[in-house]
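Here's the structure, in structure tokens; my notes come after.
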Amino acid sequence: MSAISSVLLQLCSSGGHMVASRTLYGGTHALLTHFLPRACNITTTFVDINDHEMVKNAMVEGQTKVLYFESISNPTLTVANIPELSRIAHDKGATVVVDNTFSPMVLSPARLGADVVVHSISKFISGGADIIAGAVCGPANLVNSMMDLQHGALMLLGPTMNAKVAFELSERIPHLGLRMKEHCHRAMVYATKIKKLGLNVIYPGLEDHPQHELLKSMANKEYGFGGLLCIDMETEEKANRLMNHLQNCTQFGFMAVSLGYYETLMSCSGSSTSSELNDEEQALAGISPGLVRISVGFVGTLAQKWSQFEKAFSRLQDSGLYKN
């Protein structure tokens, strides 16, 4: 959040305007909807990021400073067309800021046209669920302006990474590629198998995902389609029952709101990481009340972990708590 807010405050002044995706991490959505208008007089128009005409019409040349979106959205796993959105924004004179937290190594937004890329390092890049940090990746002139003694958002607001944390991260980044390949490989295997069980699975690696071909065209080869998948259980009650069985009956994973960990983590997004959005905003964002977000870990063998999932789902069915 420090990375996101610092970038946006550097690029936008009081009275400024931004266009952003409707489907964003809850904290980001709250920052744009409530905090920035109140504290800084910076307003945001929210759009369906896949409706390029809507994006274009929302941008006002000379007034809109930023187009902001997530490369793969949290939690719906909608894939943004980074090259086309960048072209639209640049035609209107706006800066493109992309949150690539869900897809390090899988996507390289800067190579696809984005001007600035932000990451929550706490997730896949750290990999250990023990660090809170963010990153701003951008051109030297932006980074230098953020460190300006009189006007720099990083210099004056002080979200500086602890040196010890920075060193620890430097030791983890070299094997990020290997970890992402395994996260993505297992996510693909699970998504395929879960779909065969009759559950409603959302995963960009599946051919029936609306942006499957788009992601395939943008992705770095050999890294797969991301380490997260979603299961839509339709209601929060059913979502919680599934997660309860997966955690407490078979130890498939843990109920937790983070992601990118070596253990599998599960959360019901509507009542956790997207709880900042009201019911109407969640509906517009495409977040079902029973959407279970699963960050696929790589502890244990694939066969062992899949057996745990199957057993939990079977018990759920036997208990009469879930029917296809």
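Nothing here was measured: the structure is a model prediction, and the numbers come from that model. Worth knowing before you read on, the calculation uses all heavy atoms, side chains too, and leaves out hydrogens, waters and symmetry mates.
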Test of ring centre spacing under 6.0 Å for [X] and [Y]:
X: Phe124; Y: His183; value: yes
X: Phe225; Y: His212; value: yes
X: Tyr203; Y: His209; value: no

Should the heavy atoms of other residues, nucleotides or ligands under 6.0 Å from [atom1] of [X] be counted, would the total exceed 12?
X: Asp279; atom1: CG; value: no
X: Leu157; atom1: CG; value: yes
X: Gln251; atom1: CD; value: yes
X: Arg111; atom1: CZ; value: no
X: Lys311; atom1: NZ; value: no
X: Gln304; atom1: CD; value: yes

Do side-chain atoms of [X] reach the backbone of [Y] as a donor and acceptor pair under 3.5 angstrom?
X: Ser295; Y: Gly260; value: yes
X: Gln247; Y: Met255; value: yes
X: Ser269; Y: Pro75; value: no
X: Asn57; Y: Glu53; value: yes

Under-4.0 Å salt bridge between [X] and [Y]:
X: Arg22; Y: Glu281; answer: no
X: Glu182; Y: Arg179; answer: no
X: Asp91; Y: Lys56; answer: no
X: Arg172; Y: Asp130; answer: yes

Under 4.5 Å between any side-chain heavy atoms of [X] and [Y], yes or no?
X: Val136; Y: Ser6; result: no
X: Thr44; Y: Leu36; result: no
X: Glu70; Y: Ser21; result: no
X: Asn240; Y: Met243; result: yes
X: Gln308; Y: Leu246; result: no
X: Trp306; Y: Val189; result: no

About how many Å separate [atom2] of [Y] and [atom1] of [X], when rounded to the nearest 0.5 Å?
X: Thr33; Y: Glu276; atom1: OG1; atom2: CD; answer: 10.0 Å
X: Leu32; Y: Phe46; atom1: CG; atom2: CZ; answer: 4.5 Å
X: Arg293; Y: Phe102; atom1: CZ; atom2: CZ; answer: 4.5 Å
X: Thr101; Y: Ile125; atom1: OG1; atom2: CD1; answer: 7.5 Å
X: Asn244; Y: Cys249; atom1: CG; atom2: SG; answer: 6.0 Å
X: Ile131; Y: Lys164; atom1: CD1; atom2: NZ; answer: 8.5 Å

Looking only at non-hydrogen atoms, find the nearest pair between [X] and [Y] and report the distance.
X: Ala89; Y: Val96; answer: CB-CG2, 3.4 Å
X: Ser86; Y: Ala114; answer: OG-N, 3.6 Å
X: Gly286; Y: Thr76; answer: O-CG2, 3.5 Å
X: Met18; Y: Ile42; answer: CE-CG2, 3.8 Å

Could you verify whether a donor N or O on one side chain and an acceptor N or O on the other, from [X] and [Y], lie under 3.5 Å apart?
X: Lys123; Y: Ser120; value: yes
X: Ser108; Y: Asn220; value: yes
X: Thr78; Y: Thr23; value: no

Side chain to side chain contact (heavy atoms under 4.5 Å, CB included), paired with Asn100, selected from Val118, Leu107, Ile82: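 Filter result, single survivor: Leu107.
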Lys193 charged N/C atom sitting above Phe309 aromatic ring, 6.0 Å / 45°: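 Judged by the rule, Lys193 and Phe309 form no cation-pi pair.
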Contacts table for residues 61-69: side-chain donor-acceptor under 3.5 angstrom, sequence neighbours left out:
residue, atom, partner, partner atom, Å
Thr64, OG1, His17, ND1, 2.8
Thr64, OG1, Val60, N, 2.7
Thr64, OG1, Val60, O, 3.4

